[in-house]
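Here the structure is laid out as structure tokens; the discussion comes afterwards.
Counting starts at 1 for both ligands and their atoms, in listed order. Here, residue 1 is the first one in the sequence, and each next residue gets the next number.
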Amino acid sequence: MEQCSISEFPAQEGKTVTIKGWVANRRSSGKVSFLIIRDGSGICQGVVTKQDLGDVYNEVKKLPLESSVIATGTVVQETKAPGGYEMQIQALDIVHKADEFPIGKKEHGPDFLLSHRHLWVRSARQAAILRVRDALIRNIREYFYNNGFTLVDTPIFTTTYGEDSTNLFSVDYFDLGKVYLAQTGQLYLEATLPALGKVYCLGPTFRAELSKTRRHLTEFWMAEAEVAFCDHKENLALQEDFVSYIVQKTIKEKASELVYLERDTMQLEKTTPPFHRISYDEAISLLRKKGSDIQWGADLGGDDETIITKLFDKPVFIENYPKKTKAFYMKQDPDRPECVLCADLLAPEGYGEIIGGSQREDNYDVLLNTIKDNQLDPDRYKWYLDLRQYGSVPHSGFGLGIERCVAWICGLKHVREAIPFPRMIYRAYP
Ligand code: 4AD
Ligand code: MG
């Protein structure tokens, strides 16, 4: 019998085919049982009768959820059935009879679900989110490919830190002492610019973040881009174009998953250039008008970001932060040395920062001084400083947090659902 996947059912109507999958749901009424079968490509309703199956029917009637099966039957269109098709099952092979599945219909708390993440991923909601993530990452790669970027895979073991000394993970590395898990691939992307011009990386990054918030993971994925001969303004234009492309394409491709997630995509559809731009100074005065006592010079916290994003209907850049709130590599604003040429991009509806980006310091002496001012060891950054000695050019780039972007697109309350197996301060299992 021809094997097919459930997603191929529209082309198989009226034919007899074999599918292989898991029992997502079951209900019986007398001599008929309905098995909802999931095979990873889709779901269908299998109709099983005692007449067709004989003795096997009695086992099917009590078949535990998540048992694995091979079913052969005729494909029939049935608009009322989940997935739109039904299979009149003529033969059913039980591959494995499952134990009682721990995740049932009743409400489970987040801790229970996270401890059973290896089983929780089977739920339709979680699978829908993982499919949106897959589409988003594919569209990110496609954007870079279409726009002349070259992929550079940057190292995970690093001897310098990229962002911040307070949240490093270190690893014992043979006779070389401690190395750090990469917080960013950016510094290595910068090194490849003179060879490749426009580059990107997309991989896991690590931060020992003590922030226990709905926006923080200790292991998260980041897409980072770096462009030679690109200034701060051009960097913002690139980000606008990039974010609009990946959001529009993903919501179109994954429309049915977003319907399942009950995500109202009206706001997402407004993600088109130009985005709003406000300065850090304006952000501070907006927050103070809203009753915050934040002072100029302080970094914006998650709650501050939430307040600001609610004032705008599409993403908003906050530009030119005070130098002391940001990483050492950002270019000093020539007109205001206490600020840097950078922007954070905040997603609307309270989602907050999804991108951090900046023009990079390309002057050897200024960079060396900032490295020293940040109490970093210039010897460790020798290779990075070298880049300012052999054909230094103005250059800029940015990093998009994959989970934050998935959370925004899917309308999730917490980034932990946006990654297959989340790592947080109190969780590294399963
Ligand atoms: O703003 P960040 O720290 O910027 C960088 O790492 C730069 N090197 C990027 C670059 O210019 N190439 O991080 C970038 C993005 C944030 O905007 C956020 O979306 C995400 O990474 N991010 C996190 N996501 C989940 N959990 C965390 N702990 C995150 N920290 C940052
Ligand atoms: Mg940031």
Side-chain angles (χ1 to χ4, degrees), residues 133 136 140 144 149 152 154 158 160-169 180-193 198-227 230 232 235-236 238-239 242-243 246 280 299-302 304-305 309 315-319 321-322 325-331 340-347 351-361 384 395-409 412 414-419 422-425 427:
R133 179 184 170 109
L136 177 70
I140 289 172
F144 287 133
F149 285 74
V152 171
T154 53
T158 61
T160 50
Y161 71 72
E163 288 298 319
D164 182 344
S165 63
T166 62
N167 58 20
L168 285 167
F169 282 110
Y180 308 119
L181 298 186
Q183 295 175 318
T184 169
Q186 177 199 320
L187 277 55
Y188 294 93
L189 286 184
E190 288 182 63
T192 64
L193 280 187
K198 291 203 238 178
V199 293
Y200 81 99
C201 61
L202 203 171
T205 46
F206 304 86
R207 310 233 175 134
E209 293 269 10
L210 284 173
S211 341
K212 204 182 156 215
T213 77
R214 62 194 171 91
R215 296 184 175 126
H216 287 92
L217 297 164
T218 54
E219 177 180 306
F220 64 97
W221 285 59
M222 191 171 14
E224 295 182 86
E226 199 69 28
V227 182
C230 172
H232 170 66
N235 192 24
L236 299 198
L238 171 65
Q239 290 171 51
F242 167 71
V243 171
I246 59 174
Y280 168 86
D299 200 4
L300 302 187
D304 301 319
E305 288 178 7
T309 72
V316 52
F317 287 112
I318 303 186
E319 297 179 78
Y321 280 68
T325 64
K326 290 291 181 190
F328 70 93
Y329 54 70
M330 293 190 182
K331 188 168 179 61
V340 279
L341 297 176
C342 74
D344 281 356
L345 181 65
L346 311 190
Y351 281 92
E353 182 190 336
I354 51 166
I355 285 185
S358 61
Q359 187 167 339
R360 321 305 189 186
E361 187 54 72
Y384 188 64
H395 64 287
S396 305
F398 64 88
L400 168 86
I402 299 292
E403 292 75 21
R404 293 205 190 164
C405 195
V406 171
W408 169 41
I409 293 176
L412 311 179
H414 199 299
V415 289
R416 65 192 171 203
E417 281 185 82
I419 186 164
R423 267 79 185 99
M424 293 168 286
I425 306 176
R427 180 164 297 282

Part of I354 with heavy atoms under 4.0 Å of ligand 1, whether side chain, backbone, both or neither: backbone
Shortest protein contact, atom 7 (C) of ligand 1 (heavy atom only): E163 OE2, 3.1 Å
Qualifying residue, where the test is side-chain contact (heavy atoms from CB on, under 4.5 Å) with Q359 and the options are M330, H395, H232: H232
For the student: nearest non-hydrogen atoms of C230 and S396, plus distance: O-OG, 2.7 Å
Ligand-residue contact atoms, ligand 1 with T184, heavy atoms, under 4.0 Å: 6 (O), 8 (N)
Ligand 1 N/O within reach of R207 N/O, cut-off under 3.5 Å: yes
Donor-acceptor pair, side chain of T309 and main chain of G352, under 3.5 angstrom: no
Heavy-atom proximity to atom 21 (O) of ligand 1, best of F220, Y200, F206: F220
Donor-acceptor contact below 3.5 Å, side chain T218 vs main chain A208: no
Side-chain (R427) to main-chain (P422) donor-acceptor, under 3.5 angstrom: no
Ligand 1 versus I355: contacting region, heavy-atom distance under 4.0 Å: backbone
Atom 15 (C) of ligand 1: the protein heavy-atom neighbour that sits closest, reported with distance to 0.1 Å: G399 O, 3.6 Å
Proximity of W221 to ligand 1 by residue part, where a heavy atom lies under 4.0 Å: neither
Those atoms of ligand 1 less than 4.0 Å from some heavy atom in E209: 28 (N), 30 (N)
Nearest-contact summary for atom 26 (N) of ligand 1 - protein heavy atom, Å: L217 N, 3.0 Å
Expected output: side-chain Q183 to main-chain R207 donor-acceptor under 3.5 Å: no
Side chain Y351, main chain L412, donor-acceptor under 3.5 Å: yes
Y329 versus E190, side-chain donor and acceptor atoms under 3.5 Å: no
The Mg ion (ligand 2) to nearest N/O/S of E353 below 2.8 Å: yes
Ligand 1-proximal atoms of E353, by part, heavy-atom distance under 4.0 Å: both
Donor-acceptor contact present, side-chain E403 to main-chain V415, <3.5 Å: no
Proximity flag M222 to ligand 1, non-hydrogen atoms under 4.0 Å: yes
Option set E224, R360, E226, R423, criterion heavy-atom distance to atom 11 (O) of ligand 1, minimum: R360
Contact check: H216 vs ligand 1, nitrogen or oxygen atoms, below 3.5 angstrom: no
Shortest protein heavy-atom distance from atom 18 (C) of ligand 1, along with the residue and atom involved: R404 NH1, 3.5 Å
Main-chain N/O of R360 paired with S358 side-chain donor or acceptor, under 3.5 Å: no
Under 3.5 Å: donor-acceptor pair, side chain of T205, backbone of F220: yes
Contacting atoms of ligand 1, where contact means under 4.0 angstrom from a heavy atom of Y329: 7 (C), 8 (N)
Under 4.0 Å to a heavy atom of G401 - the qualifying atoms of ligand 1, by number: 15 (C), 19 (O), 20 (C), 21 (O)
Heavy-atom donor-acceptor pair, N235 side chain to G397 backbone, under 3.5 Å: yes
Atom 25 (C) of ligand 1: nearest protein contact (heavy atom, Å): R215 O, 3.4 Å
